[in-house]
Every structure is written in C-alpha cells, then in structure tokens.
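Below is one structure; the comments refer to it alone.
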Amino acid sequence: QQQVKQSPQSLIVQKGGISIINCAYENTAFDYFPWYQQFPGKGPALLIAIRPDVSEKKEGRFTISFNKSAKQFSLHIMDSQPGDSATYFCAATISGGYQKVTFGTGTKLQVIP
Amino acid sequence: GAVVSQHPSRVICKSGTSVKIECRSLDFQATTMFWYRQFPKQSLMLMATSNEGSKATYEQGVEKDKFLINHASLTLSTLTVTSAHPEDSSFYICSAVLAQGADGELFFGEGSRLTVL
C-alpha cells in the first residue's frame with residue numbers, strides 16, 4: 001500500500017483550543033482524502049473529506065486544509081472539546097471502482113478541561 | 001448514514017479453534033466489503049477485499065488459508081480465522097462501500113475483538 005504519513009502521534013489540547021493534525025502523501029493518483037474518528041473499542045467513522053480541487057473544506061468545528069503542490073493536508077479542530085478525545089486517522093484513496101483506502105498512522109487526541 | 005453491523009463484538013476462543021466474524025450492511029447493498037486488522041495503538045491494515053459472488057483479493061502477506069473470506073450475498077461478508085493462535089488476537093474491522101464509483105465513503109462496522117487463549 002502507498003504510504004500516508006501522519007503527525008503528531010499524540011496530541012494534548014486544552015478545552016477551547018485548536019487541534020491540528022498533519023498528513024502527507026506521495027501518490028499523486030490519490031484524489032479523495034477522508035478523515036476518520038475512532039473511539040476506543042469502536043470502528044472508525046467518517047468525519048470530513050476533501051478532494052484536491054478544493055484548498056479548504058469546513059464542517060462545523062472541523063476544517064481540512066489541502067495543499068496539492070506540497071502533497072499535504074491537515075485537520076483543524078476549532079474550540080476543541082473533551083468529547084473530541086479520540087484517535088484520528090487521515091486517509092487517501094483513488095476514487096472510482098471500489099475504494100481501497102490507505103490510512104495514516106493515527107493521532108491520539110486528548111482534550112483536557 | 002449507512003449502517004454496517006459486525007458480530008460478535010468480542011470473542012474469546014481456545015488456540016486451534018476457528019472463529020467466524022460476520023459483517024452485514026443493514027440498509028444498503030454492498031458489492032464490495034473490506035476486512036481490516038488493527039493492533040493496539042496502531043492503524044488499520046487492510047487484509048482483503050471481499051467482492052460479492054467472487055473470491056476475495058488478499059493483501060500481500062495475508063494468509064488466505066488462515067483468513068477465509070466469504071461474500072455470499074450483497075449484505076453479508078464473513079471472515080473465518082481458522083486454527084486460531086494467540087498471535088491472531090486482534091481487533092478486526094470490516095467496511096462496506098455504499099456504491100460502486102462512489103466518493104470513497106466507507107462505512108465501518110463496530111469491530112470485533114478476538115482473543116485467542
């Protein structure tokens with residue numbers, strides 16, 4: 001599988017702060033970049049996703065920033081809440097046909113009161 | 001959103017026995033399902049792609065005789081861990097594609113934690 005690099009591995013943020021998770025990819029054929037949120041003992045759930053023709057996508061407190069030339073994308077969680085504490089995975093896939101998703105290594109986010 | 005159900009959520013078995021995990025798409029038909037394995041504090045590793053009515057496609061390094069996958073209907077795929085050993089203990093997660101050519105949105109099951117004693 002093609003690699004998607006994710007950082008940091010873990011992150012502690014104060015309640016109300018901004019959580020930032022970064023990812024980088026190599027395969028320029030990737031054309032769909034979802035972010036997944038996973039709580040302990042549960043399967044991942046789609047949080048937000050972006051295509052490379054858009055530089056930013058915002059849904060509520062969650063924003064993806066995409067830099068196609070640098071092959072990097074990031075997730076920003078504004079006004080972070082304790083309920084956001086989870087593991088976040090960035091991912092990349094080539095759409096069309098069936099989707100074989102390549103996941104990043106994950107970031108464990110802890111939002112402290 | 002679409003719902004994918006996995007059963008059982010937890011299973012403990014003795015070494016040498018076989019365990020079957022079911023993955024069902026509850027409110028949509030899934031021609032393609034994926035099986036992942038996740039070790040503690042690690043990412044999801046794709047094991048195989050399951051296509052309805054045909055043989056599964058396994059990723060490199062995954063033993064097809066060890067991890068039997070059957071996708072007999074558009075709503076059910078099963079993973080059977082044969083002759084399980086302690087090193088097979090892991091969190092197994094399935095996912096389903098809502099439709100062919102869709103935007104890559106996968107719906108994941110809740111996962112099944114296998115513990116082999």
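Here is how names work: the chains are called A, B, and so on, in the same order as the sequence lines, proteins then strands, and each is numbered from 1.
Put simply, the side chain of B:S43 gets close to the backbone of A:G104: a donor and an acceptor are under 3.5 Å apart.
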Considering only distance and modelled atom types, tabulate donor-acceptor pairs under 3.5 Å from the side chains of residues 11-24 of chain A, sequence neighbours left out.
from  : atom 1 : to     : atom 2 : distance (Å)
A:Q14 : NE2    : A:P113 : O      : 3.3
A:S19 : OG     : A:S80  : OG     : 2.8

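Note on A:A45, A:P40, A:A91, A:G41: by heavy-atom pairs under 4.5 Å with chain B, the leading option is A:G41.
B:W35 and B:V62 fall within a single hydrophobic cluster, where Ile, Leu, Val, Met, Phe, Trp and Tyr side chains are chained together by heavy-atom contacts under 4.5 Å. There is no path of hydrophobic side-chain contacts, each under 4.5 Å, that joins B:V4 to B:M33. Hydrophobic clustering, with ILVMFWY side chains joined whenever heavy atoms are under 4.5 angstrom apart, keeps B:V81 apart from B:L117.
Summarising the local packing, CZ of A:R61 is surrounded by more than 12 heavy atoms from other residues, nucleotides or ligands at distances under 6.0 Å. The 12-atom threshold is not exceeded at NE2 of B:H7, counting heavy atoms of other residues, nucleotides or ligands nearer than 6.0 Å.
Proximity to chain A involves both the backbone and the side chain of B:E110, based on heavy atoms less than 4.5 angstrom apart. Using a 4.5 Å cut-off between heavy atoms, A:Q38 touches chain B through its side chain atoms alone. Neither the backbone nor the side chain of B:Q60 comes within less than 4.5 Å of any heavy atom in chain A.
The CD atom of B:Q38 sits 8.0 Å away from the OG1 atom of A:T87 when rounded to the nearest 0.5 Å. Once rounded to the nearest 0.5 Å, the distance linking CG of A:L46 with CZ of B:F108 reads 9.0 Å.
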